[in-house]
J.: 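Following this message is one structure expressed as structure tokens.
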Amino acid sequence: MTTTDNDTPLDFIRATIVKDLETSKYGGKVQTRFPPEPNGYLHIGHAKSICLNFGVANEFNGVCNLRFDDTNPSKEEIEYVQSIEEDVRWLGFDWDDRLYFASDYFERLYDFAVQLIKIGRAYVCDLSADEIRAHRGTLTEPGTESPYRQRSVEENLDLFARMRAGEFEDGSRVLRAKIDMASPNLLMRDPVMFRILHATHHRTGDEWCIYPMYDFAHGLSDSIEGVTHSLCTLEFENNRPLYDWFLDQLAVYHPQQIEFARLNLTHTVLSKRKLRKLVEQGYVNGWDDPRMPTLSGLRRRGYTPEAIRNFCDRIGVAKTNSVVEIDLLEHFVRQDLNLRAPRVMAVLNPLRVVIDNYPEDQVEELDARNNPEDAGTGSRKIPFSRVLYVERDDFLEEPPKKWFRLAPGREVRLKHAYYITCTRVVKDENTGEVIELHCTYDPETRGGSSPDGRKVRGTLHWVSAAHALDAEVRLYDRLFASPNPDDVEEGADFVANLNPNSVNILKSGKVEPSLAGALPGMRYQFLRKGYFCVDPDSSEGALVFNRTVSLRDSWAKIKRGLNKGQGK
RNA sequence: UCGGGGGUCGUUCAACGGUAGGACAACGGACUUUGAAUCCGUGAAUCGGGGUUCGAAUCCCUGCCCCCGAGCCA
């Protein structure tokens, strides 16, 4: 796609770009950047930004850079840059050779700072962090000027060079911009540009002991790269005047910062701090736990890049703070997987069924469509024999109204196979638990339809006991029980809202034999159950599946209605 | 309340002075060898109060509510 569809309304950012193109503000050029800090894993919120930045670039024949905002060595690690690159690529975007790091610009940033000192717009301040805070004033009162504010250019130059040379301890001095201590915007009250940090940087090692702050580094990095539209989230609106100030004072190329609302999703958290807590305190099994909203988690869960991109397209871009329902995300995986996931039969909670009138040693190979949504996918053979497994949930000894699955005396269709009628229920003598069903089949119904045309409402999935493969099936659900995890009692925090049933591991699943060679990452629809994918923990002979998302379940709704009717 | 942003169906995005529309969700129906998918249909919103105008979600005034900002984080 190289053009923008005129029929669909443009979001305010694209509208701005169209206008800038018309006025030739940047000479008809569009360049964006995705600027993650490598201090955590990417999540679905970042996907929104990635889709926006790369999407906009693609649509307007521009380019989008991947730039790591690695200005704080104490928090950043190489592990994160690798995962971020992998995730952006997986999502389907390409930065070609434009992989940049803010740390690549440290020398130039240092030079820019020297320039600012020379024109009297920056000074070395010896105040402690606490003192600087005290001098900053408050939201309603102006700040007071630092006693070091009037240092001479020469002294500032000397001190700044010595900061770089490592003569001073962490926190003993900073370089500040000389702006306006009375500005109503606190960020303009002589913000810190460089701080002393004797820390090893993941890329520059020990070359530097002073590091630039975000506000100073970001705009200049954009400028150096020739970014036209610097898209960021709403909380940076207050930073824009500062972004502009540095660029104006230095009289360098000046991109424009535009802010949009970050993504919030119900039933999950999207803050690095909270996600890190879940990982570090063991509430989940790592950044790629399938319950995590991280891209690595979603990938392991079975989400497709297409589903995530479609989701990001649909939620749009605006300035309103909003919380998107997670149902919308789930809708897009279902939509995508419905079209492409092969259908397969898997019994999650097996209940043994013996077809009494089916010959002992007979095995039939029956045809099964691979995907009714895509005729091109053809069909496969599945074995049918005397002893089968069906889903325990599909049998009820005393069925409620509207139940058309298995029950004593009831006839149902086994998908792709035969009609069977339940004739006897075997129970455990002690517990009363149903342990086996005996049924008869109608040989006339092979393939799943009867010559007499009689109607059977229920169609069940099944596997042949002798041929089925064992599988572990991990049923994942929403990580948080509450739509808003932060909605907690006084004193509690978001982990109090963790969904205790966010994962349910079933060890005794039985799947059809065609799944024997299923490899990690492969996605299937388990008929009537949901979409599943093979987990990396899986191996031949020890299959492990993750539930990506269940199928929509209107029986569950009916059941709720029935229960309500009975006052249950 | 000092500054900056924002308030449209349950949710989200649109409508840019001219019939408030889409998607998800909900509800009802059709179809169905997945109680899936698909198809059809229904209900559902302009924060309040003034004003300008033939006509206001849109422009003006005013009030209310929400978010962001006092890191040597980004």
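From a predicted model like this one, the values you see are computed outputs, not experimental measurements. Chain letters run A, B, ... following the sequence lines, proteins first, then strands; residues in each count from 1.
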J.: Using a distance-only criterion (donor-acceptor N/O pair, under 3.5 Å, no hydrogens), is the base of G3(B) paired with the side chain of Asn238(A)?
T.: yes

J.: Consider the side chain of Arg552(A), meaning its heavy atoms from C-beta on, and name the nucleotide among A37(B), C13(B), C24(B) that approaches it most closely.
T.: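 Side chain of Arg552(A) sits closest to A37(B).
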
J.: What closest approach, in Å, do Tyr531(A) and Arg334(A) show between heavy atoms, and which atom pair accounts for it?
T.: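 In terms of heavy atoms, the two residues are closest at OH-O, 3.9 Å.
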
J.: For RNA chain B, whose closest nucleotide is more 5', that of Lys48(A) or that of Arg446(A)?
T.: Lys48(A)

J.: For Phe236(A), which contact category applies under a 4.0 Å heavy-atom criterion: base, sugar-phosphate, or nothing?
T.: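 Base contact.
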
J.: Distance check needed: U32(B) P versus Arg413(A) CZ, whole Å only.
T.: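 To the nearest whole Å, that distance equals 11 Å.
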
J.: How long is the line joining CZ of Phe404(A) and C1' of U34(B), in whole Å?
T.: 11 Å

J.: Specify the closest pair of heavy atoms between Asn39(A) and Lys75(A), including all atoms of both residues, with the distance to one decimal.
T.: CB-O, 3.3 Å

J.: Taking Trp403(A)'s backbone N and O only, do any of them form a donor-acceptor pair with Arg410(A)'s side chain (distance below 3.5 Å, no angle check)?
T.: yes

J.: When all nucleic acid strands are considered with a 4.0 Å heavy-atom cut-off, which category describes Lys319(A): base, sugar-phosphate, or nothing?
T.: sugar-phosphate

J.: Kindly point out which of A70(B), A74(B), A36(B) is positioned nearest to the side chain of Leu186(A)?
T.: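 Nearest listed nucleotide: A70(B).
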
J.: Check every strand shown and say whether Val456(A) touches a base, only sugar-phosphate, or nothing at a heavy-atom separation below 4.0 Å.
T.: nothing

J.: Using the C1' atom in both, what is the distance from C61(B) to U53(B), to the nearest Å?
T.: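 Each nucleotide's C1' atom is 16 Å from the other's.
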
J.: Do the side chain of Arg405(A) and the base of G35(B) come within less than 3.5 angstrom through a donor-acceptor pair of N or O atoms?
T.: yes

J.: Quick one: does any side-chain atom of Arg528(A) pair with a main-chain N or O of Thr459(A) as donor and acceptor, under 3.5 Å?
T.: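 Checked: pair present.
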
J.: In whole angstroms, how far is the C1' atom of C66(B) from the CD atom of Glu237(A)?
T.: 14 Å

J.: By the 4.0 Å heavy-atom rule, please label Leu127(A) as base, sugar-phosphate, or nothing.
T.: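 The residue Leu127(A) makes base contact.
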
J.: When you get a sec, tell me which of A14(B), G35(B), G7(B) is the closest nucleotide to the side chain of Ala318(A)?
T.: A14(B)

J.: About how many Å separate CZ of Arg262(A) and OG of Ser49(A), when rounded to the nearest 0.5 Å?
T.: 10.0 Å

J.: Within the structure shown, what part of the strands sits under 4.0 Å from Thr459(A) by heavy-atom distance: base, sugar-phosphate, or nothing?
T.: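 Touches sugar-phosphate only.
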
J.: Using the P atom as the reference point in each nucleotide, state the distance between C67(B) and U8(B) in Å, no decimals.
T.: 15 Å

J.: Where the side chain of Glu37(A) is defined as all heavy atoms beyond and including C-beta, which of C72(B), C24(B), C73(B) is the nearest nucleotide?
T.: C73(B)

J.: Please confirm whether any donor atom in the side chain of Arg314(A) sits under 3.5 Å from an acceptor in the base of U12(B), or the reverse.
T.: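 Result: no qualifying N/O pair found.
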
J.: With a 4.0 Å limit, can you tell me whether Arg457(A) has a side-chain N or O closer than that to the phosphate oxygens OP1/OP2 of C31(B)?
T.: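 So the side-chain polar atoms of Arg457(A) never come under 4.0 Å of the phosphate oxygens OP1 or OP2 of C31(B).
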
J.: How is Asn338(A) classified with respect to the nucleic acid when contacts are heavy atoms under 4.0 Å: base, sugar-phosphate, or nothing?
T.: sugar-phosphate

J.: Give a yes/no answer on whether the side chain of Lys557(A) brings an N or O atom under 4.0 Å of OP1 or OP2 in C27(B).
T.: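 So the side-chain polar atoms of Lys557(A) do come within 4.0 Å of the phosphate oxygens OP1 or OP2 of C27(B), strictly under.
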
J.: Tell me what Glu325(A) touches on the nucleic acid: a base, only sugar-phosphate, or nothing, going by heavy atoms under 4.0 Å.
T.: base

J.: Just how far is it from atom OH of Tyr389(A) to atom NE2 of His461(A), taken to the nearest 0.5 Å?
T.: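 If I round to the nearest 0.5 Å, the distance is 14.0 Å.
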
J.: OP1 or OP2 of C73(B) sitting under 4.0 Å from any side-chain N/O of Ser74(A)?
T.: no

J.: For G55(B), what is the paired nucleotide under Watson-Crick or G-U wobble rules, both distances under 3.5 Å?
T.: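 Result: none.
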
J.: In whole angstrom, give me the gap between the C1' atoms of C65(B) and U1(B).
T.: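 Nearest-Å result for C65(B) against U1(B) at atom C1': 14 Å.
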
J.: Has Ser322(A) got a side-chain N or O lying under 4.0 Å from the OP1 or OP2 atom of U11(B)?
T.: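 It does not, given that no N or O in the side chain of Ser322(A) lies less than 4.0 Å from OP1 or OP2 of U11(B).
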
J.: At less than 4.0 Å, is any side-chain N or O atom of Arg195(A) found next to OP1 or OP2 of A74(B)? Yes or no.
T.: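 Yes, because at least one side-chain N or O of Arg195(A) sits under 4.0 Å from OP1 or OP2 of A74(B).
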
J.: Just N and O in the side chain of Thr71(A): are any of them under 4.0 Å from OP1 or OP2 of A74(B)?
T.: yes

J.: Does a nitrogen or oxygen in the side chain of Arg262(A) sit under 4.0 Å from OP1 or OP2 of C67(B)?
T.: no

J.: Between Arg343(A) and Thr140(A), just flag the one whose closest nucleotide in RNA chain B comes earlier from the 5' side.
T.: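 First, find each residue's nearest nucleotide; the 5'-ward one identifies Thr140(A).
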
J.: What distance separates Phe236(A) CZ from Tyr243(A) OH, expressed to the nearest 0.5 Å?
T.: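 One gets 12.0 Å once the value is rounded to the nearest 0.5 Å.
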
J.: Would you measure the distance from the P atom in A15(B) across to the matching atom in G41(B) and give it in whole Å?
T.: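 Roughly 26 Å separates the two P atoms.
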
J.: Give the rounded distance in Å between these two atoms: CD1 of Ile132(A) and P of A70(B).
T.: 14 Å

J.: Need one value for Pro372(A): base, sugar-phosphate or nothing, where a base atom within 4.0 Å counts as base even if backbone is also close, heavy atoms only.
T.: base

J.: Given A36(B), is OP1 or OP2 found less than 4.0 Å from the side-chain N or O atoms of Arg334(A)?
T.: no

J.: Look at all strands and tell whether Trp462(A) reaches a base, only sugar-phosphate, or nothing, counting heavy atoms closer than 4.0 Å.
T.: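 Touches nothing.
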
J.: Would you find a donor on one side and an acceptor on the other, under 3.5 Å apart, between the side chain of Arg413(A) and the backbone of Gly448(A)?
T.: yes

J.: Rounded to whole angstrom, note down the P distance from A25(B) over to G63(B).
T.: 42 Å

J.: Taking any heavy-atom pair under 4.0 Å as a contact, classify Thr320(A): base, sugar-phosphate, or nothing.
T.: sugar-phosphate

J.: Applying a 4.0 Å non-hydrogen cut-off, can you work out what Lys402(A) is touching in the nucleic acid: base, sugar-phosphate, or nothing?
T.: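 Base, at least one base heavy atom under 4.0 Å.
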
J.: State the syn/anti category of G6(B) according to its glycosidic angle, syn meaning within 90° of 0.
T.: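 Anti, angle beyond 90° from zero.
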
J.: Looking for any heavy atom pair under 4.0 Å, which part of the strands does Leu414(A) touch: base, sugar-phosphate only, or nothing?
T.: nothing

J.: Taking any heavy-atom pair under 4.0 Å as a contact, classify Leu139(A): base, sugar-phosphate, or nothing.
T.: base

J.: Do Glu259(A) and G5(B) have a side chain to base donor-acceptor pair shorter than 3.5 Å?
T.: no

J.: Is Lys319(A) close enough and on-axis enough to Phe260(A), meaning under 6.0 Å and within 45°, for cation-pi?
T.: no

J.: Tell me what His331(A) touches on the nucleic acid: a base, only sugar-phosphate, or nothing, going by heavy atoms under 4.0 Å.
T.: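 The residue His331(A) makes sugar-phosphate contact but no base contact.
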
J.: Please state how far atom CG in Leu10(A) lies from atom C1' in A15(B), giving the value in whole angstrom units.
T.: 13 Å

J.: Rounded to whole angstrom, note down the C1' distance from G55(B) over to C16(B).
T.: 16 Å

J.: Please verify the inter-ring angle class for Phe384(A) with Tyr441(A); under 30° counts as parallel, over 60° as perpendicular, anything in between as tilted.
T.: tilted

J.: Is there, by distance only and without an angle test, a donor paired with an acceptor across the side chain of Gln525(A) and the base of U34(B) below 3.5 Å?
T.: yes

J.: Choose from G3(B), G35(B), C72(B) the nucleotide whose nearest atom is closest to any side-chain atom of Asp553(A).
T.: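 Output: G35(B).
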
